[in-house]
Number of protein chains: 2
Amino acid sequence: MPNQQASPLDRVFHGLADPTRRAVLNRLSSGPAAVSELANPFPMSLPAFLQHLDVLEECGLVKSRKTGRVRTYQLTPKPLKAAEGWLEQQRSLWSRRLDQLDTYLSDLKEQKP
Amino acid sequence: MPNQQASPLDRVFHGLADPTRRAVLNRLSSGPAAVSELANPFPMSLPAFLQHLDVLEECGLVKSRKTGRVRTYQLTPKPLKAAEGWLEQQRSLWSRRLDQLDTYLSDLKEQKP
DNA sequence: CGTATAGTTAACCGTGTGCCTAACCAACAG
DNA sequence: CTGTTGGTTAGGCACACGGTTAACTATACG
């Protein structure tokens with residue numbers, strides 16, 4: 001995936017496709033935190049962890065501000081709403097199909113023991 | 001991201017982090033379809049497209065069955081529910097924080113013209 | 001049979017991702 | 001000023017990802 005012009009949705013889902021980053025978001029959901037505080041629970045090196053924070057910031061899921069020598073991160077919920085919107089929209093389409101799939105699925109099950 | 005033991009959530013989000021794959025899911029939401037029919041709208045080569053289908057199938061978002069020489073793909077909504085569940089859970093945490101963030105955010109805005 | 005059609009596999013290639021170590025600022029603390 | 005703390009930058013490495021072309025298999029058709 002070239003960095004050139006990936007859609008926001010692409011970037012958000014990619015941002016979410018990593019347990020470290022999701023954990024960061026999760027932790028961040030209970031309030032802003034500094035880099036080292038965020039990095040603390042993770043066994044990786046600090047530069048490696050910083051890359052994750054960069055990814056999160058580039059896809060707009062978090063913002064940061066540096067005061068003194070401490071950089072504080074906080075959430076930005078807008079792009080996540082986009083992701084959720086897409087999912088919800090898809091789910092509604094899917095579930096509308098579920099009844100029709102039902103027969104198909106049970107058919108599949110029987111033919112693939 | 002090593003393939004070794006990526007969590008289902010990892011794989012689903014990664015599966016969704018590509019416009020081609022999302023488009024496939026979208027198209028698939030209006031009913032099962034064969035490989036070439038799915039591949040038709042996309043400008044890439046068929047093997048490249050097949051890789052996308054493989055990704056979707058490996059993360060459980062779709063299933064396929066081959067009858068004759070035609071492989072038909074169809075949706076599997078379970079893993080998407082997991083993704084949606086995570087998002088919804090996060091959003092609830094986030095929005096609970098939004099009021100507190102509000103002050104913080106407007107503060108940020110003013111300090112970053 | 002022979003040939004077209006639908007997928008599949010194999011080999012390769014450029015770029016991105018995720019991690020590391022080491023070196024490097026910048027801001028306090030004393 | 002000196003040292004420590006909190007981040008950051010640089011460089012490198014292994015591998016996954018997304019794409020290609022070419023060759024191959026297997027079903028359908030006539």
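What you see is a predicted model, and the numbers here were worked out from it, not measured in a lab. Proteins come first, then strands; the chains are lettered A, B, ... in the order of their sequence lines, and each starts at number 1.
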A/Arg71 meets the salt bridge (Lys or Arg N to Asp or Glu O under 4.0 Å) criterion, sequence neighbours left out, with none
Side-chain contact check for B/Arg21: nearest option of D/dT9, D/dG18, C/dG7 is D/dG18
I'd like to know if B/Glu57 and B/Lys63 make a salt bridge, using a cut-off of under 4.0 Å between side-chain N and carboxylate O.
no
Is there a side-chain polar atom (N or O) of B/Ser36 under 4.0 Å from OP1 or OP2 of C/dG7?
-> yes
Please determine whether any donor N or O and acceptor N or O are separated by less than 3.5 Å between the side chain of A/Arg69 and the base of C/dA27. yes
Rounded to whole Å, the OH-P distance (B/Tyr73 to C/dA6) equals 16 Å
Quick note, ring pair (Phe, Tyr, Trp, His ring centres under 6.0 Å) partners involving residues 18-50 of chain A, not counting sequence neighbours, are A/Phe42-A/Phe49
In whole angstroms, the gap separating P of D/dA16 from CD of B/Glu58 amounts to 12 Å
B/Arg71 CZ to C/dT9 C1', in whole Å, measures 13 Å
Here the distance between atom P of C/dA6 and atom CG of B/Leu38, to the nearest Å, is 14 Å
Would you tabulate the nitrogen or oxygen pairs shorter than 3.5 Å linking the protein to nucleotides 19-25 of chain D?
unit_1, atom_1, unit_2, atom_2, d
D/dG19, OP2, B/His52, NE2, 2.3
D/dG19, N7, B/Gln51, OE1, 3.2
D/dG19, O6, B/Gln51, NE2, 3.4
D/dT20, OP2, B/Ser45, N, 2.7
D/dT20, OP2, B/Ser45, OG, 2.7

In whole angstroms, the gap separating C1' of D/dG18 from NE2 of B/His14 amounts to 9 Å
From CG of A/Leu56 across to P of C/dG18 the rounded distance in Å is 11 Å
Practice prompt. Carefully, step by step, assess A/Val62 and A/Leu53 under the rule side chain to side chain contact (heavy atoms under 4.5 Å, CB included).
Written response: CA-CA 8 Å; A/Val62 304; A/Leu53 289 181; 5.7 Å; no
Residues B/Val12 and B/Ala83: closest non-hydrogen pair is CG1-CB, 3.8 Å
Between CG of A/Asp54 and P of D/dG7 the distance, given in whole Å, is 13 Å
Scanning both residues in full, the closest heavy-atom pair of A/Asp18 with A/Thr20 reads OD1-N, 2.8 Å
When A/Val55 and B/Glu37 are each assigned the nearest nucleotide of DNA chain C, the 5'-most assignment goes to B/Glu37
- Item | Ion pair check, A/Glu58 and A/Arg11, cut-off under 4.0 Å | no
Between CZ of A/Arg65 and C1' of D/dT8 the distance, given in whole Å, is 20 Å
